[in-house]
Amino acid sequence: MNLAHLLSRQARLAPDRATVFHGPRPWASHAEWAARSAGLAQRMRGAGLQPGDRVLLFMRNHPRYLEILWAAWWAGLVVVPVNAKLHPAEAEWIVGDAGARWGFVTRDVAPGALAGLERQVDAESDEACALLAAALDWTAVPVAERAPDDLAWLFYTSGTTGRPKGVMLTHRNLATMGLAYFADVDPAAPDDAMAYAAPMSHGCGLYAVPHLMAGARHVVPASGGVDPAELFALGRALGPLSTFAAPTIVRRLVEHAERAGLGPADAAAAFKTIVYGGAPMYVADIERALAVMGPRFVQIYGQGETPMTATALARRHLADRAHPRHRERLASVGVAQTPVQVRVADERGRDLPAGEPGEVLVRGDTVMAGYWRNPEATAAALQGGWLWTGDVGSLDADGFLTLKDRSKDLLISGGSNVYPREVEEVLLTAPGVTEAAVVGAPDPEWGEVVVAFVVPRPGPPPAAAALDAHCLQRMARFKRPRRYVFVDELPKNAYGKVLKTALRARLRAGG
């Protein structure tokens, strides 16, 4: 099993079909993509790279990302994707830990040489053009034989605490993830167009797998990132787009639509499916998104350790307003995807009853092989065949999972558990609040007290007393924030997740 066979299959089935686009302009047909990837694979093997060797991709979103990715797999290599927003020194640490031999970069991301690489190639240079020169007969370049459990993708976690860990994902992991997309997320088809606006080094890039399975189109915005006006225009030009978006990106799309006076019909002309995940989507935000853009949305929950595949909240669940627990379901992340099992357990691994929070466990063929050269972390995360996610959640009687928080974000105030997300959900319904993040601050009497960082809407910020009254009407008194800190923006990592470690550090520093 080698994911490169997906490309050779489509190159035989539909060789002349334009499949890769840079903005609205065609970049490559299936046959051209296959020829370039096969040519690069042949040249990398000729230069001494062996199956299993690691190749770094430290690039902004670019059509050549897809060509290099499939070339590496064609040669039997392991791809090490690095987020383009990391500092080069952080990328160098990954080079050393992964033992990467070659690296492909864009100069805006890596202006200088990265230490530790045998060869570094600027993906936009003449050197890259020569390496990616089409093989004269790509069918004569054999795809390297790989076993299902051989590594394909070595993904380094964001490392909000300590050094990042290398998540080992196999060809089986990613093929199963791709098939789960059809079963649980969206029935992709050849006329679909997957837009890569979020980083291709992360889950958005992995969605190239199911869309290549379907023979669909792959669209890299000319900006290489998230420009809502550009995405709406691309959708109108090429046909409705599918894309993956963190909640922060969804909010930007919705705000653009509101400013431009666009409604659900306009959104339908530009977007087929927006898969959201990667961070909490609050009920108020998804209700607003559905009202403005219509039934374009599907939610997924997964981790780097089980990529894009744990649960899904389907379009039909989001649309089922007649269900008596519709709002509860909007707050959930859906039900277990087809190839995995999901359960909630206590610290000893015992199943908990419906409604009781505990750690979320996942088992199935998308779960990682382990952490790269880190047996201790692997043993802690993989126990008895189950991935211990570190997320706290609860299952209802119908199997819908509602996430509470990361286990490390749980607050204990006066002996009572406080889940920050519950407080954040309430704050986002308060007038004048656009974003909120809740953390705990040490307190000699209560152990921890709840502190809310609030991003107000334009205009005078809401009064703390008004927020307090709003919370007391909707939650237990012990959960309400004892302090409100108004900020212009919340610190976020490259994937749009709020960095609560930074907020806690600010509190420790007296900010």
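Along the sequence shown, the residues carry numbers beginning at 1.
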State, to 0.1 Å, how close [X] and [Y] come at their nearest heavy-atom pair, and which atoms those are.
X: C471; Y: V426; value: CA-CG1, 4.1 Å
X: G302; Y: A310; value: CA-CB, 4.2 Å
X: V362; Y: T389; value: CG2-CG2, 4.0 Å
X: L174; Y: P307; value: CD2-CG, 4.1 Å

Legend entry - salt bridge (Lys or Arg N to Asp or Glu O under 4.0 Å) evaluation trace for E305 with K165: CA-CA 10 Å; E305 291 85 347; K165 299 186 290 290; 5.6 Å; no
Could you work out, with side chain to side chain donor-acceptor pair (under 3.5 Å) as the rule, every residue matching [X], not counting sequence neighbours?
X: T311; answer: none
X: E287; answer: R327
X: D398; answer: R325, R329

Inset, instruction - Please test R251 against E255 for salt bridge (Lys or Arg N to Asp or Glu O under 4.0 Å), starting from the C-alpha separation and ending with a verdict. - result: CA-CA 6 Å; R251 188 179 300 114; E255 289 172 350; 5.1 Å; no
Legend entry - Residue pairs involving residues 266-279 (criterion salt bridge (Lys or Arg N to Asp or Glu O under 4.0 Å); sequence neighbours excluded):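 Salt bridge (Lys or Arg N to Asp or Glu O under 4.0 Å) check on residues 266-279 returns D186-K272, D192-K272.
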So, [X] versus [Y]: side-chain donor-acceptor pair below 3.5 Å or not?
X: Y301; Y: Q337; answer: no
X: T366; Y: T306; answer: yes
X: S125; Y: R107; answer: no

Inset, instruction - Can you run down the side-chain hydrogen bond (donor to acceptor under 3.5 Å, both in side chains) pairs that involve residues 456-468, sequence neighbours left out, and say none if there aren't any? - result: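 Passing the test, one end in residues 456-468: D468-R480, D468-Y484.
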Inset, instruction - Verify whether the ring centers belonging to F244 and H202 lie closer than 6.0 Å. - result: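 No, the ring centres sit 6.0 Å or more apart.
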Legend entry - By salt bridge (charged side-chain N to carboxylate O under 4.0 Å, His left out) - contacts of E258 (at least two apart):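 R288.
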Legend entry - Side-chain heavy atoms of Y196 within contact of M194, under 4.5 Å: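 Yes, side chains in contact.
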